[in-house]
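Below is one structure, written out as structure tokens, with a few remarks after it.
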Amino acid sequence: MKKIINWLKSPSSDFALLVILLILANLVGHRAFLRFDLTQPKSYSLSPASRQLMKTLNEPLSLKVFFSDNLPAPYSNTAQYVRDILVEYKGAANKNFSYTFMDMNDKTNQTLAANYGLNQVQIQEVKNSEVGFKQSYMGIVISYADSIETLDGITSSDGFEYKLTTKIGRMISTADTLAGLGQNDRLKMTLYVTGQLKDFQISGFDTIESTVKKAYDSINKKNLNRIDYEKIDPPASDIHILADKYGLQLINWTNKDGSQGAGVIGLVIEHGDSFRLIPLSMQRSLFGYAIGGLDTLDKSISDSLQSLLSKATQIGYITGHNEEELYSQNGQSRFSSLISDLYEFSEINLTKDSIPTNITTVVINGPKSEFTDAELYKIDQFIMRGGNVMFYVDPFNEQNQGYYQAPVYTPNETKLEKLLNKYGVQLGKNYVLDEDCYKQRSQSYGNVSLFWAPLLQSSQLAPKNVITKNLGYVIFLQAGSVDTTAAQNDKNVKVTILAKSSPKSWLMEKNIQLNPLMTAAPADKSTEKSEDLAVLLEGKFKSAFTADPTPEEKKNGALTAQTHLSQSTQNGKIFVTGTSQITGSQLIDENGSEPIAMFTRNIIDYMNGNADLCTMRTKGLSLNTLRNTDSPFALLSKYFNEFGLTILVALAGLFIWRMREKRRKIIHDRYNPDDTRIITKKTKEGK
């Protein structure tokens with residue numbers, strides 16, 4: 001023992017003790033470690049919403065991660081990101097959370113991944129100077145209670161935390177709802193198919209029932225067998241009723257005897273008075289008609305079930321003034337599906353109904369006719385009670401005259417100005433045109449500038465607001481100007497300019513012509529200036545009315561009560577933009593991954609008190625692009641990147657070499673000037 005103590009005290013033990021110290025430090029660091037996220041959007045840190053969800057898990061939640069090994073870039077970076085962020089989930093979670101990375105070189109795990117429904121992704125790989133393709137797994141299986149869900153095709157880290165957290169949240173909500181259903185309270189899935197359609201050559205029609213039944217069996221087993229299934233061939237008298245009730249695809253044809261035939265195809269899942277229409281329809285392709293949606297039926301049913309059972313927040317959608325239709329194929333169907341994971345639109349006709357007390361946010365989207373004072377008063381008093389309203393108001397009504405005729409644009413008169421002007425917002429009767437705009441490629445004319453589709457860069461978006469701060473660009477379409485000068489002078493209201501056009505903008509107020517070949521930027525650049533396109537007002541507002549415009553009739557001896565609010569009782573939010581086009585299918589893509597779709601969804605989240613989701617959704621986005629510049633500057637940037645950096649590095653190396661030579665000479669001249677071993681210019685001349 002004495003020898004050991006002496007050895008420990010001697011210098012000979014220093015190295016061994018250092019090794020032991022490092023091992024112990026690593027063991028401690030494995031359990032108690034510090035991580036610093038230095039990225040601007042905090043891409044490697046969990047949002048508060050994710051942390052809260054992990055802390056409150058009541059049932060075991062397990063993740064199986066199926067990622068193939070040796071993935072090429074950039075997929076290898078995605079795999080590493082998934083590893084890093086799951087460490088954050090584990091650190092924030094309670095004992096009910098666990099995750100496992102599966103060895104995908106094991107054939108058993110490959111079979112397991114296929115059984116879970118994960119698909120291999122074909123990725124490009126450069127190896128030995130050759131370009132090839134390989135099949136790889138990049139997915140996660142999530143298990144909670146008796147429910148199993150998947151996140152498949154994780155090829156990018158963009159929005160990964162948002163997708164995972166919302167998926168887990170919906171699974172928890174669905175499981176809790178199913179567990180709370182009464183013994184006789186069941187869900188119903190119905191396949192509506194008109195049998196006469198079998199006489200037509202529709203690819204996939206013969207297998208539609210068996211495919212749906214197989215998907216139903218799988219989903220029903222995962223959800224406590226609480227779903228009943230039925231297939232119905234509806235009679236002709238019910239065709240149009242079903243199409244109107246559920247939004248089923250209506251198919252018409254002409255029989256051989258000249259009579260008209262009609263049928264439907266659709267899959268509906270219902271619970272009580274609520275239902276979801278599962279994407280399943282006849283589609284036309286180059287090779288004829290086919291049944292679309294069969295390949296992803298399991299996922300579609302699962303998503304629809306979660307949307308149906310989750311405790312979706314109700315958002316009021318005002319109707320009755322020719323607003324954009326929510327569920328028509330040419331209307332706002334993508335807008336409604338964009339928010340369907342957490343929210344649900346509830347249509348409100350103000351001529352008949354008041355805004356329900358359970359509604360905290362209302363959307364007014366593209367009205368084309370006037371509101372009555374009674375309707376405006378309902379909106380006004382909703383805001384006075386702390387309600388949130390989103391105004392998408394077009395400056396003009398576009399009326400198509402015919403295929404070969406240009407549309408006619410007339411000013412849009414809705415009387416909403418009576419409210420907005422009182423709140424400090426003035427909508428312009430104009431279109432904002434911008435030289436920095438979306439450019440459409442034409443074979444005949446090259447790049448054609450669509451001046452009425454401004455392309456807003458990050459510098460034109462609110463840099464500190466969670467709605468826009470992580471977005472690289474946003475495209476607007478046919479937007480009118482928004483003036484908030486009066487609101488900015490109100491000390492009780494906070495005004496945020498969410499989006500504005502570039503300084504190269506001008507207004508089109510008369511003789512509206514949106515033909516790119518007949519529109520040019522003004523020659524007088526002094527008329528150009530930046531215009532506000534979307535604004536957010538937060539705070540307490542003053543009512544636009546001095547009293548209820550439709551008071552109850554006074555009767556002799558009858559009591560009267562006054563409920564008019566002259567100013568807000570609590571803070572509310574008002575979003576205003578001069579276009580409804582940003583909620584349409586022309587800009588919102590099917591997957592909701594485009595910047596304008598995220599901008600629109602972020603507004604919905606922010607208005608409903610879910611600001612954390614805005615940041616979570618836009619973390620790590622690869623949306624930032626180079627700012628549009630003139631061709632000479634772009635060419636200069638190109639050559640600087642190719643040659644300029646190399647020249648700068650060479651010049652820096654030459655400078656450092658010369659400085660070292662100069663320093664060496666100073667040292668030599670000071671301490672050893674007579675050393676003849678160094679050949680200098682003078683010694684050469686002496687010889």
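- Environment of NZ in Lys64: sparse, with no more than 12 heavy atoms of neighbouring residues, nucleotides or ligands closer than 6.0 Å.
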Run the numbers on Ser45 and Glu88 for side chain to side chain donor-acceptor pair (under 3.5 Å), then give the verdict. CA-CA 7 Å; Ser45 302; Glu88 294 293 318; 5.4 Å; no
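- Legend: residues meeting salt bridge (charged side-chain N to carboxylate O under 4.0 Å, His left out) with Asp69, ordered by chain and number and at least two apart, are absent.
- A salt bridge does not link Glu270 with Arg276: every distance from a Lys NZ or Arg NE/NH1/NH2 to an Asp or Glu carboxylate oxygen is 4.0 Å or more.
- With 3.5 Å as the limit, one finds a donor-acceptor pair spanning the side chains of Glu149 and Ser302.
- Judged as a salt bridge (charged side-chain N to carboxylate O under 4.0 Å, His left out), and not counting sequence neighbours, Arg83 has no contacts.
- Inter-residue side-chain proximity for Ile603 and Tyr606 is flagged as unmet; no heavy-atom pair is nearer than 4.5 Å.
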Full working for side chain to side chain donor-acceptor pair (under 3.5 Å) between Thr583 and Asn365: CA-CA 8 Å; Thr583 65; Asn365 190 21; 3.1 Å; yes
Given side chain to side chain contact (heavy atoms under 4.5 Å, CB included), test Ile140 with Leu118 step by step and report yes or no. CA-CA 8 Å; Ile140 295 177; Leu118 296 180; over 6 Å; no
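- Two residues are said to be in side-chain contact when any heavy atoms from C-beta on lie closer than 4.5 Å; Met189 and Val268 fail this criterion.
- Across all their heavy atoms, Met598 and Thr618 have their closest contact at SD-CG2, 4.3 Å.
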Any chance you could lay out the side chain to side chain donor-acceptor pair (under 3.5 Å) test for Ser50 and Thr165, step after step, and finish with the verdict? CA-CA 6 Å; Ser50 298; Thr165 296; 2.7 Å; yes
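- Heavy-atom minimum distance, Ile604 versus Ile339: CG1-CG2, 4.1 Å.
- The minimum heavy-atom distance linking Asn119 with Asp152 is given by the pair N-OD2, 2.8 Å.
- Ring geometry, Tyr99 versus Phe97: the interplanar angle falls from 30° to 60°, so the pair is classed tilted.
- Between Lys221 and Asp217 there is no salt bridge, since no side-chain nitrogen of the basic residue lies less than 4.0 Å from a carboxylate oxygen of the acidic one.
- Residues Tyr229 and Val212 meet the side-chain proximity criterion, which asks for heavy atoms closer than 4.5 Å.
- Pairing each heavy atom of Ala92 with each of Arg51, the nearest pair is CB-NH1, 3.8 Å.
- Across all non-hydrogen atoms, the minimal contact from Ala499 to Leu456 is CB-CD1, 3.6 Å.
- The pair Lys188-Asp228 fails the salt-bridge criterion, with no side-chain N (NZ, NE, NH1 or NH2) lying under 4.0 Å from an Asp/Glu carboxylate O.
- Judged by distance alone, with hydrogens and angles left aside, the side-chain atoms of Thr207 form a donor-acceptor pair with the main-chain N or O of Gly204 at under 3.5 Å.
- With contacts defined as side-chain heavy-atom distances shorter than 4.5 Å, the pair Val65/Leu86 qualifies.
- Gln586 places no side-chain N or O within donor-acceptor distance of the main-chain N or O of Gln581, the cut-off being under 3.5 Å.
- With hydrogens and angles ignored, the 3.5 Å screen pairs a side-chain donor or acceptor of Thr577 with a backbone N or O of Leu533.
- Taken from CG in Asn94 to CG in Asn58, the straight-line distance is 8.0 Å, to the nearest 0.5 Å.
- When all heavy atoms are compared, the tightest approach of Ala453 to Leu477 is CB-CD1, 3.9 Å.
- Contact annotation: the side chain of Ile142 never approaches that of Ile148 to less than 4.5 Å [non-hydrogen atoms, C-beta and beyond].
- Among Phe575, Tyr317, Phe476, the single residue meeting the ring-ring contact (aromatic ring centres under 6.0 Å, His included) criterion with Tyr392 is Phe575.
- In this structure Asp605 satisfies the salt bridge (charged side-chain N to carboxylate O under 4.0 Å, His left out) test together with Arg601, Arg617, sequence neighbours excluded.
- Within the 4.5 Å cutoff, the side chain of Ile227 has heavy atoms near those of the Ile219 side chain.
- Residues Asn608 and Ile315 have side chains in contact (heavy-atom distance under 4.5 Å, counting atoms from C-beta outward).
- Expressed to the nearest 0.5 Å, how far CG of Asn96 lies from CG of Leu57 amounts to 6.0 Å.
- Neither side chain, Ser98 nor Ser62, offers a donor N or O lying under 3.5 Å from an acceptor on the other.
- For Lys55, the NZ atom sits in a loose shell: 12 or fewer heavy atoms of surrounding residues, nucleotides or ligands are nearer than 6.0 Å.
- Using a distance-only test at 3.5 Å, with no hydrogens or angles considered, a donor-acceptor pair links the side chain of Ser156 to the main chain of Asp158.
- A donor-acceptor pair under 3.5 Å links the side-chain atoms of Thr56 to the main chain of Leu53, judged by distance alone.
- Side-chain atoms of Asn447 never come within 3.5 Å of backbone atoms of Lys439 as a donor-acceptor pair (strictly under, hydrogens ignored).
- Expressed to the nearest 0.5 Å, how far OG of Ser458 lies from CG of Leu471 amounts to 9.5 Å.
- The backbone N or O of Gly169 sits nowhere less than 3.5 Å from a side-chain atom of Ser173 that would complete a donor-acceptor pair.
- For the side-chain contact (heavy atoms from CB on, under 4.5 Å) with Leu461, the lone residue among Asn470, Val474, Leu498 that qualifies is Val474.
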For the pair Tyr137 and Phe67, evaluate ring-ring contact (aromatic ring centres under 6.0 Å, His included) and give the outcome as yes or no after the intermediate values. CA-CA 5 Å; Tyr137 283 103; Phe67 265 75; over 10 Å; no
Given Phe335 and Phe345, is the ring-ring contact (aromatic ring centres under 6.0 Å, His included) satisfied, shown in steps? CA-CA 10 Å; Phe335 185 27; Phe345 282 128; 5.2 Å; yes
Evaluate the side chain to side chain contact (heavy atoms under 4.5 Å, CB included) criterion for residues Ile265 and Ser281: first the C-alpha distance (whole Å), next the side-chain angles of each, then the deciding distance (0.1 Å), finally the verdict. CA-CA 6 Å; Ile265 292 178; Ser281 61; 5.7 Å; no
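- One N or O on the side chain of Thr166 and one on the backbone of Lys163 form a donor-acceptor pair closer than 3.5 Å.
- Distance check, rounded to the nearest 0.5 Å: CG of Asp612 to CG of Leu46 gives 11.5 Å.
- Side-chain contact check for Gln120 and Ser136: no donor-acceptor pair (N or O, by modelled atom type) lies under 3.5 Å.
- Asp84 contributes atom CG, which lies 4.5 Å from atom CD of Gln80 (distance to the nearest 0.5 angstrom).
- For Gln110 and Asp106, the side-chain atoms include no donor-acceptor pair closer than 3.5 Å.
- Checked against the 6.0 Å centroid threshold, Phe66 and Phe101 do not count as a close aromatic pair.
- Contact of the Ile123 side chain with the Leu71 side chain is registered, since non-hydrogen atoms from C-beta on lie closer than 4.5 Å.
- Atom CG of Asp185 has more than 12 neighbouring heavy atoms from other residues, nucleotides or ligands inside a 6.0 Å radius.
- Judged purely by atom type and a 3.5 angstrom limit, Arg334 has no side-chain atom pairing as donor or acceptor with the backbone of Ala597.
- Atoms CG and CE, on Leu536 and Met607 in that order, are 6.5 Å from each other to the nearest 0.5 Å.
- The main-chain N or O of Thr313 is never found under 3.5 Å from a side-chain atom of Glu344 such that the two would form a donor-acceptor pair.
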